[in-house]
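Note sheet for the following structure.
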Amino acid sequence: MDTTQLLDLLHDYKQGNISDETMLQSLQDNQGFEDIGFAKIDHDRAKRQGFPEVIYCAGKTNEQIADIFAHLYQKSEQNIIASRATLENYQAVLAKVKDAKYDEFARIIYVNRDNMPIDDKRFILVMTAGTSDIPVAKEAGLTAQLMGNKVQYCFDVGVAGIHRLLSKKDLIDKANVIIVAAGMEGALASVVGGLANKPVIAVPTSVGYGASFHGLTALLSMLNSCAAGVAVMNIDNGFGAGRLASMINHMR
């Protein structure tokens, strides 16, 4: 319930148009969340943080994901996101929300209502060290896009061929925020951080051979970066990077 709705409710009660019981029930219903048994959906998230609650699909059943998605879709006028989703998850959601779409690379189920203003002069640049890092990068990029940002991509510019990265220096200079997804030794984040004068959000990926320890090596490398202005997300956390980049990009 927003401020206008609350004032209307109070006015109706003051005028005697609604009973004590109706007034009490309306206030009790306005807890800010909806309890559907297996989940308490935070419908006030958008009011507090500027974007609705995002569904993390891993560990949930198809039915749970579809129910939560449908409730968010009904109660919110903004875009809806479900991350780490499978095609099977999507098919369950689609049965309840016909507007839902699925991005296989990003592993995101979403509804894009195309009602968010986007500043074309400020964009988020999403970069990867290799092609294998693209799924994490796409998760970050689509998240940021659905949160109302212009996004550009630059794939496969890792340090094994540094000339590939240097050829994109103009794009780096024009970006407002940069997300770097890299596995193996994770060196790309430090190199980009040394070239850029804007925030760099590093995302270690679980790409690599045995001693990469499923992304731990890249994570530690990024945390120990000597380049100033590099923030580090958890391993494979493209969603977190996209959300943080969006918040930075919207700041004025």
Side-chain angles (χ1 to χ4, degrees), residues 51 54-60 62 65 69 79-94 100-112 123-147 149-161 164-165 168 171 175 177-189 191-192 200-223 230-246 249:
F51 195 82
V54 172
I55 305 164
Y56 178 71
C57 294
K60 295 181 177 69
N62 292 331
I65 295 165
F69 199 101
N79 296 338
I80 308 297
I81 297 176
S83 68
R84 292 304 166 94
T86 66
L87 181 58
E88 188 177 330
N89 297 155
Y90 170 59
Q91 290 168 342
V93 170
L94 190 61
K101 300 189 183 327
Y102 181 59
D103 188 300
E104 184 178 2
F105 270 110
R107 294 172 291 179
I108 287 176
I109 304 169
Y110 64 96
V111 168
N112 187 353
F123 71 91
I124 297 168
L125 176 61
V126 182
M127 312 183 78
T128 72
T131 303
S132 297
D133 301 308
I134 289 178
V136 174
K138 290 288 287 184
E139 181 183 40
L142 182 55
T143 295
Q145 182 182 333
L146 290 168
M147 291 182 175
N149 301 275
K150 181 179 179 180
V151 175
Q152 293 195 39
Y153 293 96
C154 183
F155 297 143
D156 197 25
V157 289
V159 298
R164 300 175 301 178
L165 174 64
K168 301 297 182 181
L171 194 58
V177 189
I178 301 172
I179 297 172
V180 175
M184 302 288 188
E185 83 292 355
L188 182 61
V191 177
V192 173
V200 174
I201 302 171
V203 188
T205 72
S206 52
V207 171
Y209 294 105
S212 68
F213 298 112
H214 306 288
L216 181 59
T217 296
L219 172 64
L220 294 176
S221 176
M222 290 171 174
L223 286 171
V230 177
V232 185
M233 305 306 298
N234 205 345
I235 298 168
D236 290 336
N237 188 8
F239 165 76
R243 173 59 174 153
L244 179 58
S246 174
N249 199 45

For the side chain of Asn79 and the backbone of Leu146, is there at least one donor-acceptor N/O pair under 3.5 Å apart?
-> yes
Rounded to the nearest 0.5 Å, the CD1 atom of Ile65 sits from the OH atom of Tyr56 at a distance of 10.5 Å
Quick note, salt bridge (charged side-chain N to carboxylate O under 4.0 Å, His left out) partners involving residues 177-188, not counting sequence neighbours, are none
Hits for side chain to side chain contact (heavy atoms under 4.5 Å, CB included) against Ala82, two or more places apart or cross-chain, chain-then-number order -> Ile55, Cys57, Phe69, Ile109
Asn62 versus Glu88: any side-chain heavy-atom pair under 4.5 Å? yes
Nearest heavy-atom approach of Ala202 to Val230 is CB-CG1, 4.0 Å
Applied to residues 233-243, the side chain to side chain donor-acceptor pair (under 3.5 Å) test, sequence neighbours excluded, yields Ser206-Asp236
Sequence neighbours excluded, the answer for ring-ring contact (aromatic ring centres under 6.0 Å, His included) partners of Tyr102 is Tyr90
Contacts of Ala218 meeting side chain to side chain contact (heavy atoms under 4.5 Å, CB included) (sequence neighbours excluded), chain-then-number -> Pro204
Heavy-atom closest pair (Ser132 atom, Pro135 atom, distance to 0.1 Å) is O-CD, 3.5 Å
Query raised in the report: Quick one: are Leu171 and Phe123 in side-chain contact, heavy atoms under 4.5 Å?
Result: yes
By side chain to side chain donor-acceptor pair (under 3.5 Å), Thr131 pairs with (sequence neighbours left out) none
Contacts of Asp133 meeting side chain to side chain donor-acceptor pair (under 3.5 Å) (sequence neighbours excluded), chain-then-number -> Thr205
Thr128 meets the side chain to side chain donor-acceptor pair (under 3.5 Å) criterion, sequence neighbours left out, with none
ask   = Can any side-chain N or O of Ser246 pair as donor or acceptor with the backbone N or O of Gly242 at less than 3.5 Å?
value = no
For Leu165, the side chain to side chain contact (heavy atoms under 4.5 Å, CB included) test, sequence neighbours excluded, returns Met127, Val157, Ile162, Ile172, Leu188, Val191, Val192, Leu195
Evaluate the criterion side-chain contact (heavy atoms from CB on, under 4.5 Å) for residue pair Phe213 and Leu220; output intermediate values, then yes/no.
-> CA-CA 11 Å; Phe213 298 112; Leu220 294 176; over 6 Å; no
In terms of heavy-atom contacts, Val151 and Gln145 come closest through CG2-N, 3.8 Å
Taken in chain and number order and not counting sequence neighbours, the residues that satisfy side chain to side chain contact (heavy atoms under 4.5 Å, CB included) with Ala106 are Asp103, Ile108, Lys138, Leu142
Heavy-atom closest pair (Met184 atom, Ser212 atom, distance to 0.1 Å) is O-CB, 4.2 Å
d(Glu139 CD, Arg84 CZ) to nearest 0.5 Å is 4.5 Å
The reported gap from CE in Met233 to CG in Leu219 (rounded to nearest 0.5 angstrom) is 11.0 Å
In short, side chain to side chain donor-acceptor pair (under 3.5 Å) pairs touching residues 151-161 with sequence neighbours left out are Asp156-Arg164
For Ile235 and His214, run side-chain contact (heavy atoms from CB on, under 4.5 Å): C-alpha distance rounded to whole Å, both residues' side-chain angles, the deciding distance at 0.1 Å, then the answer. CA-CA 8 Å; Ile235 298 168; His214 306 288; over 6 Å; no
For Leu125 and Cys154 the tightest heavy-atom approach is CD1-CB, 4.1 Å
Looking only at heavy atoms, the pair that brings Met147 and Val54 closest together is CE-CG2, 4.4 Å
